[in-house]
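Heads up: the structure comes next, in C-alpha cells.
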2 protein chains.
Amino acid sequence: MSLKHAVLALLQKEEGSGYDLSKRFKGGMSYFWSASHQQIYQQLKKMLSDDLIAVRVESQDGKPDKKIYQITELGTQALIDWIEEPSKMSRVNDAFLVKLYAGEVVDNSVLAAKIKEHVVHHQKLLTAFALLEEEYAGMNKQQRKRVMLPYMTLRKGVLGEQAWLQWAEEALALLEQ
Amino acid sequence: MSLKHAVLALLQKEEGSGYDLSKRFKGGMSYFWSASHQQIYQQLKKMLSDDLIAVRVESQDGKPDKKIYQITELGTQALIDWIEEPSKMSRVNDAFLVKLYAGEVVDNSVLAAKIKEHVVHHQKLLTAFALLEEEYAGMNKQQRKRVMLPYMTLRKGVLGEQAWLQWAEEALALLEQ
DNA sequence: CAAATCATGTAAGAAGTTACATGATTAT
DNA sequence: ATAATCATGTAACTTCTTACATGATTTG
C-alpha cells in the first residue's frame with residue numbers, strides 16, 4: 001500500500017485539499033501514480049486519524065468549505081522511513097500488451113488500429129511533457145535545483161513515451177510484413 | 001478486471017495448470033502482467049464455473065494430481081471480444097518514482113543508491129530479454145511468423161528497459177551536480 | 001442554457017495481498 | 001540435511017472500482 005505515501009509525497013511539497021490532490025495526481029504525476037478521488041478522500045480520512053496529516057477548514061463564500069490538509073511531523077517521518085526502506089518492484093499490468101500477445105485470434109488490421117490509437121495517446125503525453133520541460137529550461141539555476149527531483153521523474157516520462165513511440169514504429173512495420 | 005483475460009491469453013496459446021500459468025506469468029509475461037498464485041487459483045475456479053475454461057485431471061505417480069485447464073469456445077470468444085473493445089489506459093503505480101519525487105527529505109546519497117539498485121535490476125531484465133531475442137533470431141521464417149506477436153511484446157520489454165537505463169545515467173549525472 | 005469544473009463524500013462489490021496450510025520430489 | 005521446486009489451495013484483510021449522491025459556479 002503506497003497511496004498513503006504518494007499522498008504524503010504531494011503534501012510534503014505543498015498542502016492541499018482532496019480535490020487539489022486529485023488534480024495533482026492527474027497532472028504531473030499521472031504517468032507514475034494514479035488515484036481516483038474516492039480513493040483519495042478515504043485515504044485522507046485514515047491518514048488524519050493516524051495523525052500523518054492535519055486539517056484546516058477554510059470557508060469560502062458561495063462554495064462549500066474547503067478542507068486543506070498538511071503533512072505532520074509524524075507524516076514526514078513516515079515518508080522518510082518509506083523512502084529509505086527497500087522498494088519492491090512495481091507490478092505492471094498492461095492490458096494493451098496482453099491484447100497484442102494474444103492477438104492472433106483477431107485480424108492484423110484490428111491490431112494495427114490499436115497500435116495507431118496508442119501512438120496518438122503517447123504523442124499527446126509527450127507533447128504535454130515537452131511543455132513542462134520548456135518551463136524547466138526557462139528557469140534559473142536556483143529554481144532548477146529546487147525542482148530537480150520532480151524534473152528527474154519528468155525525464156523518465158519523456159524517455160518512456162519516446163520508447164513507446166519507437167516501439168510502435170517497429171511493431172507496425174512487423175505487422176505489415 | 002483483466003486477470004481473467006490475461007489467463008485466457010495464456011491458455012489460448014497452450015493449456016496448463018494453475019502452477020504452469022503462475023510460472024508463465026513470472027516468465028516471458030512478467031514485464032507486462034503479473035499475478036500471484038493465489039489470484040490465479042481463485043480466478044481459475046471462477047472461470048471454470050463461467051465455462052470460459054474446461055479442466056482435465058491428470059494423475060501423476062508420487063506427485064499430487066495435476067489439473068490442466070483448456071480454453072473453451074466461450075472463452076476464446078470472450079478473449080476476442082475483449083481484444084476488440086477499446087482498452088482503457090493502464091494505471092501505472094511506480095513507488096520508485098514517487099520516492100524520487102519526494103526525495104528531498106532524504107540525503108542525495110540515499111537516492112543515488114536507490115537508482116543504482118534499479119540499474120542492476122533493469123540490466124538483469126535486459127540480459128534475460130537478450131537471450132529470448134537470440135532465440136528468435138535463430139528461428140526460420142515460419143517459426144518467426146508464428147511467434148511474431150509475443151516477440152513484439154518482448155521488443156517493448158527491451159525498449160522499455162533501455163529507456164530505464166538511459167534515464168538512470170541522466171539521473172545520476174543530475175544528482176552529482 | 002448546457003456542459004464543465006469545483007468540491008465533497010458514501011456504499012457495495014470486485015480484486016489483490018498476506019498469512020496460513022500441506023506434502024512430495026529433486027537438487028546441492 | 002536443507003533448500004528449492006512442484007502443486008494446490010483457504011481465509012482474513014486491505015485496497016480499488018463502480019455507482020450513487022449533492023449542489024454551487026464558471027465557461028462556452
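The chains referred to below are lettered A, B, ... by the order of the sequence lines, with proteins before strands, and numbering in each begins at 1. Everything numeric here is computed off the predicted structure, so don't read it as measured data.
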Next item on the list: Walk me through it: do A:I115 and B:M152 pass the test side chain to side chain contact (heavy atoms under 4.5 Å, CB included)?
Entry: CA-CA 11 Å; A:I115 295 172; B:M152 253 167 66; 3.8 Å; yes
Checklist line | Criterion side chain to side chain contact (heavy atoms under 4.5 Å, CB included) on A:R144 and A:Y151, from CA distance to verdict | finding: CA-CA 8 Å; A:R144 276 213 286 262; A:Y151 174 71; over 6 Å; no
Next item on the list: Test salt bridge (charged side-chain N to carboxylate O under 4.0 Å, His left out) on B:E104 and A:R146 and set out the steps.
Entry: CA-CA 9 Å; B:E104 61 185 329; A:R146 199 154 34 79; over 6 Å; no
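Within the 4.0 Å cut-off from OP1 or OP2 of D:dT18, at least one side-chain nitrogen or oxygen of B:K88 is found. In terms of phosphate contacts, A:R91 brings a side-chain nitrogen or oxygen within less than 4.0 Å of OP1 or OP2 of C:dT17. For B:K67 and D:dC6, the shortest distance from a side-chain N or O to OP1 or OP2 is not below 4.0 Å. Note on B:K4: every side-chain N or O is 4.0 Å or more away from OP1 and OP2 of C:dA14. When the side-chain nitrogen and oxygen atoms of B:Q39 are compared with OP1 and OP2 of C:dT17, one or more of them lie within a distance under 4.0 Å. An OP1 or OP2 oxygen of C:dT8 is reached within less than 4.0 angstrom by a side-chain nitrogen or oxygen of A:Y41.
Rounded to an integer number of Å, the gap from NZ of A:K26 to C1' of C:dC6 is 11 Å. Atom CZ in B:R24 sits about 15 Å away from atom P in D:dC6, given to the nearest Å. Between A:W33 atom CH2 and D:dC16 atom P there is a gap of 7 Å when expressed in whole angstrom units. Atom CD1 in A:I40 sits roughly 12 Å away from atom P in C:dG9 (whole-Å rounding). Rounded to an integer number of Å, the gap from A:I68 CD1 to C:dC6 P is 15 Å. One atom, CD of A:Q43, and another, P of C:dT10, lie 14 Å apart when rounded to the nearest Å. The distance between atom CG of B:L3 and atom C1' of C:dG16, rounded to the nearest whole Å, is 9 Å. Following rounding to the nearest Å, B:K45 (NZ) and C:dA14 (P) show an atom-to-atom distance of 15 Å.
Criterion: ILVMFWY side-chain heavy atoms under 4.5 Å apart, direct or through other members. Under it, B:M89 and A:F25 are not part of a common hydrophobic cluster.
By the 30° and 60° cut-offs, the orientation of the rings of B:Y101 relative to A:F32 is tilted.
Closest heavy-atom contact between A:L159 and B:Q166: CD2-NE2, 3.6 Å.
When each of B:Q42 and B:H37 is assigned the nucleotide of DNA chain C with its nearest heavy atom, B:Q42 is the one assigned upstream, toward the 5' end.
Comparing C:dG9, D:dA7, D:dT10 against the side chain of A:Q38 picks out C:dG9 as the nearest.
Scanning residues 6-23 of chain B for heavy-atom distances under 4.0 Å to DNA chain D yields B:S17, B:G18, B:Y19, B:K23.
Atoms CD1 and CG, from A:I71 and A:L10 in turn, are 10.0 Å apart once rounded to the nearest 0.5 Å.
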